[in-house]
Amino acid sequence: MSTTIAKAYDPRDVEARWYSAWMENGCFAGRMEKGKEPYSIVIPPPNVTGILHMGHVLNNTLQDVIIRRARLEGKAACWIPGTDHAGIATQTMVEKHLRETEGKTRRDLGREEFLKRVWAWREEKGDKILRQLRELGCSCDWERTHFTMDPAYSRSVLTAFVRLFEAGNIYRGKRMVNWCPASLTALSDEEVEMRPTKGFIYRIRYELVEPVGEHTHVVLETTRPETIGADVAVAVHPEDPRFSQLIGKQVWRPLGERAGIPIIGDRAVDMEFGGGALKVTPAHDRVDFEIGQRHDLPVLDCLESNGILNDIAGPELAGLDRFAGRKRAAEVLRESGALLEEKPYENNVGHSQRAGVPIEPRLTWQWWLRYPKVEEAKQVVRDGIVKMHPDRWSKVYLNWLDNIQDWCVSRQLWWGHRIPVWYAKGLERDSLTEADLRDPSKIHVSLDGPPDPENWEREEDVLDTWASSWLWPLATLGWPDAGAQERDGFDTFYPTTTLATGADIIFFWVARMIMAGLEFTSPDLPMERRVPFRHVYFNGIVRDKQGRKMSKTLGNSPDPLDLIHTYGADGLRFGLLQIAPLGQDVKFDETRVESGKNFCNKLWNACRFRQMSGPMADNGSPEAILSRIDPARCDDDDHAILAALLDTTRVLERGFAEFEFANATQRLYSFFWNDFCDWYVEVAKTRVQDETARDHVLALQDLVIRQFLLLFEPFAPFITEELWHLLGYGDDKSFLQDTRLESAETLAAALAGRGLEVEAAASDRVGRLREVATLARQLKAEQGAAQKRDVVFQVLADDASWGGLAPHASKLARLVGAATLERTSAEPALPAVVTPLGTLYLDTGEKVDPAAERARLEKERAEVEKHIVGTDKRLSNQAFLNKAAPSVVEGARRQLETLQAKRDEIDRLLAAL
RNA sequence: GGGGGAUUAGCUCAGUUGGUUAGAGCGCUUGCUUGACAUGCAAGAGGUCGGCAGUUCAAAUCUGCCAUCUCCCA
């Protein structure tokens with residue numbers, strides 16, 4: 001603590017040093033401590049092979065801010081980190097690597113060998129993001145790092161599956177799924193993204209097998225002519241008069257195998273669209289599939305799983321992929337005369353969120369989950385047991401649950417949790433009924449498999465990654481293993497307190513976690529104990545300056561590590577939070593990060609200046625500092641800065657209660673920079689020269705800085721820790737986080753205990769002095785004397801005003817750069833300005849230009865007059881006097897008086913010229 | 001088609017339950033190597049608060065309609 005503080009803050013060394021110190025001392029360990037209120041967070045697990053991007057920075061900074069504040073409030077804080085195995089993304093990445101380096105596919109290697117490669121990849125490249133989070137300063141309990149594919153975690157995933165199966169919530173069914181022809185797997189509805197897609201719509205003529213009267217054909221429109229070969233009917237609305245005689249007749253299929261297909265009536269047909277007729281292709285469209293079911297139509301599949309057309313599509317198309325096939329189909333139809341028109345068309349097409357390609361509706365056998373505890377999941381949010389911030393997301397959440405569909409949980413991948421289902425050898429899987437699934441001689445479902453594995457074949461598919469991450473708050477605390485739960489403090493840390501995440505995964509993850517929490521905790525417990533978290537904070541998306549999402553492909557995302565190296569982790573954290581209001585998207589602006597860095601440097605230098613101002617005394621406890629403060633010596637500036645400190649403390653308390661951090665950071669900024677540095681430290685410079693006042697003034701500064709460091713620590717943990725030690729607030733054996741943050745209330749009480757009741761009126765008086773200072777500087781600048789230090793201010797004031805000014809005359813003179821500031825009773829012929837504490841005349845020693853002075857005063861007078869007119873108008877309105885609150889009317893009256901007095905004084909100055 | 005969100009200074013954003021002259025950061029202009037900080041200090045310019053109507057003594061703030069941008073769901 002005797003170390004002198006360097007001239008500029010250099011984050012690099014400080015950050016590395018403190019992070020290792022925190023780690024070595026187990027500062028982030030989430031301990032179950034009796035008597036401490038728990039506060040826990042689970043990290044939204046990033047993709048294990050992911051790297052840090054700006055979205056992570058925002059999301060994790062918020063979590064770190066919250067958890068560090070909880071620590072300072074004396075809570076048992078626990079932030080659980082970890083990563084997600086990200087089935088499709090990781091498998092695709094490894095497959096690509098395999099193809100590029102060895103020219104092999106996963107099938108060339110076989111399942112077991114391929115999985116070895118994925119694990120090797122994970123060992124080599126995985127968890128990089130967790131190391132990056134450390135550079136950001138994240139105070140996760142790293143001992144508790146989890147991975148969704150770890151053995152214990154896997155066991156909990158499979159346990160959930162088995163229990164849900166036993167409860168009858170899981171079934172196997174051949175249904176329409178969203179098929180990704182790139183990843184060769186089914187996807188859940190949530191993984192499909194509707195994108196407006198430009199293409200063509202084709203008007204096609206289907207010839208009647210036998211003409212009916214003058215009808216020789218039916219015309220319909222489609223965007224997918226390549227699937228005509230799989231058409232099994234043409235549907236029209238049963239009440240459509242245009243087609244009433246045609247229902248029951250047949251048309252020739254214009255592509256593929258030449259065959260007559262029936263015209264059927266079905267209410268699903270939109271009479272307005274495409275002439276009122278619809279080609280029915282049950283294998284390739286959801287609506288068509290349902291129509292087919294209703295009319296008992298066959299299912300013809302013309303697409304292979306990888307999107308290549310087969311023989312059913314017709315000899316001309318077989319072997320082509322679906323997009324080439326579409327063009328070819330149009331050509332063939334044009335040649336045959338069946339294509340009447342081809343026009344540009346835009347429609348919404350489902351795309352695989354991961355692979356980016358259009359998905360195919362495809363009929364396959366999959367495992368499905370009927371969501372458990374749907375009603376309860378709605379109830380806990382409606383009742384406020386789980387609170388969303390901002391609250392509007394509750395509506396989105398409830399709406400989704402109202403329209404919830406069964407979840408396709410199987411994925412045709414290898415990387416993931418293999419579904420714990422065994423089929424009896426030789427069993428025909430394509431004809432299994434619901435009853436067969438419950439027949440233990442045919443199907444075995446368990447955690448450890450059948451006792452006679454040689455007679456069984458395990459299901460090939462794995463579970464959707466989200467079917468593992470929905471257990472995150474449970475499994476990371478040891479569920480379902482009782483011993484592990486005890487070890488990990490399940491009863492202490494579950495439910496977690498706050499979840500911070502992006503609204504883009506409200507369905508994927510948040511809603512499902514709530515259902516899982518309710519399903520897998522004991523029904524004997526109250527709902528408050530069963531939900532996975534009590535608060536959900538939705539942070540916005542970080543966008544670039546043009547408002548675009550940051551993405552790798554656009555290359556518009558700065559590398560957070562670069563930002564950390566340029567501005568420091570604290571600067572990045574603080575700067576980003578300043579522009580991240582609750583639930584609102586953030587347009588990233590690097591200048592704000594720079595301003596965050598500058599703020600850190602300002603804090604650094606203020607502390608450095610404190611050190612240079614006088615000897616450091618005992619800062620080891622608030623009591624020690626308070627004992628050095630002399631209440632009798634407290635002047636208005638002392639009262640005002642303490643009032644501002646208490647207010648800032650309150651603003652922070654409110655900010656944390658409401659998750660409004662942008663507001664909190666701005667208050668921290670303006671308090672420290674404007675209230676403390678620009679005013680308090682400046683005025684204190686004079687007092688520090690006074691031997692008898694020095695100790696008191698410096699003690700006050702020590703108190704303010706101490707409280708400020710505590711308030712600021714969650715946002716900027718590195719610099720605050722460094723300064724905490726440099727200024728002797730803590731010894732070598734402890735850390736800032738070991739200190740209890742005083743609330744505004746306890747701090748005020750501690751001050752009162754020392755005989756110091758903070759006087760509110762002092763802030764007003766200081767406010768007036770600050771105004772006088774600004775006006776004086778303004779006058780100097782206007783007179784071209786800004787750089788002079790030897791000017792004289794003469795004050796014409798009544799006794800009351802002079803009484804407010806006189807005690808501060810010398811420090812004011814110093815602040816505004818004047819030799820003296822003294823009272824006058826004359827009316828000197830000098831440039832003047834009217835202030836709340838009298839009229840200030842500036843003597844620069846130069847000759848005065850009366851014309852310029854007159855112009856200046858008249859401009860000022862016009863400005864004042866404008867406001868007088870406005871205020872006068874309000875006050876002469878009887879309705880205002882009758883209806884407005886008395887305090888408001890009184891305020892207007894006082895304002896009018898002040899303005900009039902000012903105008904009169906300006907008039908007097910003008911007359912004197 | 002249904003539902004959110006946004007629109008305030010050149011740029012990025014604050015603005016609590018309506019109430020004196022709408023704020024900050026960055027940028028811009030001017031002057032300062034004033035003994036903590038040029039990552040700084042001081043002063044200044046810059047806004048008919050998207051538009052129109054309404055409620056009210058009083059609207060950036062509340063209500064309705066419209067416009068533009070954006071997100072989610074179908």
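In this text, all values refer to a predicted model and were calculated from it rather than measured experimentally. Throughout, protein chains are lettered first and strands after them, A, B, ... in sequence-line order, and every chain is numbered starting at 1.
- Following rounding to the nearest Å, A:Glu771 (CD) and B:U20 (P) show an atom-to-atom distance of 16 Å.
- Using a 4.0 Å cut-off between charged side-chain N and carboxylate O, A:Arg770 and A:Glu682 make no salt bridge.
- Scanning for salt bridge (Lys or Arg N to Asp or Glu O under 4.0 Å) contacts around A:Arg777 gives an empty result, with sequence neighbours left out.
- For B:U34, its base never sits under 3.5 Å from the side chain of A:Arg789 at any donor and acceptor pair.
- Within 4.0 Å of A:Arg894, counting heavy atoms only, lies no atom of the nucleic acid at all.
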Would you be so kind as to tabulate the donor-acceptor pairs closer than 3.5 Å made by side chains of residues 893-902 of chain A, with sequence neighbours excluded?
residue  : atom : partner  : partner atom : Å
A:Thr898 : OG1  : A:Arg894 : O            : 2.7
A:Lys902 : NZ   : A:Glu860 : OE2          : 3.2

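- Closest approach to the A:Ala786 side chain among B:G31, B:A36, B:G25 is made by B:G31 (side chain taken as heavy atoms from C-beta onward).
- Nucleotides B:C49 and B:U34, compared at atom C1', are 39 Å apart to the nearest Å.
- For B:U12, the paired base is B:A24 (Watson-Crick or G-U wobble, both distances below 3.5 Å).
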Where protein sits on nucleotides 37-45 of chain B, one letter per nucleotide: B base, S sugar-phosphate only, - none, heavy atoms under 4.0 Å: BSBSSSSS-
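- A distance of about 43 Å separates the C1' atoms of B:U39 and B:G51, rounded to the whole Å.
- Aromatic rings of A:Phe708 and A:Phe676 (six-membered ring for Trp) have centroids beyond the 6.0 Å cut-off, not under it.
- Only the P atoms considered, B:G35 is 24 Å distant from B:G44, to the nearest whole Å.
- Nearest to the side chain of A:Arg592, among B:U20, B:G25, B:A36, sits B:G25.
- Here the nucleotide nearest the side chain of A:Lys587, chosen from B:U21, B:U12, B:C32, is B:U12.
- Using Watson-Crick or G-U wobble geometry with both donor-acceptor distances under 3.5 Å, B:C32 finds its partner in B:G40.
- Base-pair partner of B:U17: not found among the strands shown (Watson-Crick or G-U wobble, both distances under 3.5 Å).
- Under the 4.0 Å criterion applied to side-chain N and carboxylate O atoms, A:Glu865 and A:Arg903 are assigned as salt-bridge partners.
- Comparing the C1' positions of B:G19 and B:A42 gives a spacing of 33 Å, expressed to the nearest Å.
- Comparing the same atom, P, in B:U8 and in B:C62 gives a spacing of 16 Å after rounding to whole Å.
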Trace of the side chain to side chain contact (heavy atoms under 4.5 Å, CB included) decision for A:Asn178 with A:Arg286: CA-CA 10 Å; A:Asn178 307 295; A:Arg286 254 173 220 239; 3.2 Å; yes
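- In this pair, A:Tyr371 and A:Trp400 present their aromatic rings perpendicular. The plane angle is above 60°, beyond the 30 to 60° band.
- We find that CD1 of A:Ile868 is positioned 12 Å from P of B:U21, with the value rounded to whole Å.
- Using C1' as the reference atom, B:U61 and B:G15 are 9 Å apart when rounded to the nearest Å.
- Here A:Lys395 lies in heavy-atom contact (under 4.0 Å) with sugar-phosphate atoms only.
- Base pairing of B:A58: no nucleotide in any strand meets the Watson-Crick or G-U wobble criterion (both distances under 3.5 Å).
- Comparing B:C65 with B:U29, their P atoms sit 46 Å apart, to the nearest whole Å.
- In this structure, B:G1 and B:C73 make a Watson-Crick or G-U wobble pair, each of the two defining distances being under 3.5 angstrom.
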Within the 4.0 Å limit for protein heavy atoms, which parts of nucleotides 68-74 of chain B are touched? Write it as a string from 5' to 3', B for base, S for sugar-phosphate only, - for none. ---S-SB
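- Under the Watson-Crick or G-U wobble criterion, with both distances below 3.5 Å, B:A67 is paired with B:U7.
- The salt bridge (Lys or Arg N to Asp or Glu O under 4.0 Å) search around A:Glu782 returns A:Arg856, not counting sequence neighbours.
- Classification of A:Asp637 and A:Lys811 as a salt-bridged pair holds, one side-chain N sitting under 4.0 Å from a carboxylate O.
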List the steps, then state whether side chain to side chain contact (heavy atoms under 4.5 Å, CB included) holds for A:Lys780 with A:Gln787. CA-CA 9 Å; A:Lys780 269 182 80 185; A:Gln787 76 284 12; over 6 Å; no
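- Between the C1' atoms of B:A9 and B:A67, the separation comes to 22 Å (whole Å).
- A search for salt bridge (Lys or Arg N to Asp or Glu O under 4.0 Å) contacts involving A:Asp406 returns A:Arg175, not counting sequence neighbours.
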